[in-house]
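Sharing a structure below in structure tokens format, with a few things to ask.
Note that the numbering runs from 1 along the sequence shown for the chain.
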Amino acid sequence: MLNNILLGKIILKKKVMYHKAKHFGLTHSSVVACSQELDLLLNQYQEIQAP
């Protein structure tokens with residue numbers, strides 16, 4: 001259950017980041033912040049998947 005919620009958040013965060021990057025460029029502060037948030041979500045997901 002938690003996996004599905006986390007995956008949904010990851011997918012949404014990716015879409016938001018791609019949208020911001022398309023409009024502002026990859027180095028814009030809002031894109032970098034979004035990327036960092038995505039990294040945190042991915043780390044959480046990876047921790048859950050670890051045996």
Partner set under side-chain hydrogen bond (donor to acceptor under 3.5 Å, both in side chains) for Asn3, not counting sequence neighbours: Gln49
Rounded distance [0.5 Å steps], CG in Leu2 versus OH in Tyr45: 10.0 Å
Greater than 12 external heavy atoms within 6.0 Å of Lys9's NZ: no
Same apolar cluster: Met17 and Leu26, side chain cutoff 4.5 Å: no
Nearest-0.5 Å distance that lies between atom NZ in Lys20 and atom OG in Ser29: 9.0 Å
Side chain to side chain, Leu41 and Glu37, heavy atoms closer than 4.5 Å: no
Non-hydrogen atoms of Cys34 and Lys13 that approach each other most closely: SG-CD, 3.4 Å
His23 vs His19 side-chain heavy atoms within contact, under 4.5 Å: yes
Trace of the side-chain contact (heavy atoms from CB on, under 4.5 Å) decision for Val31 with Thr27: CA-CA 7 Å; Val31 178; Thr27 58; over 6 Å; no
Path from Tyr18 to Ile10 over hydrophobic side-chain contacts below 4.5 Å: yes
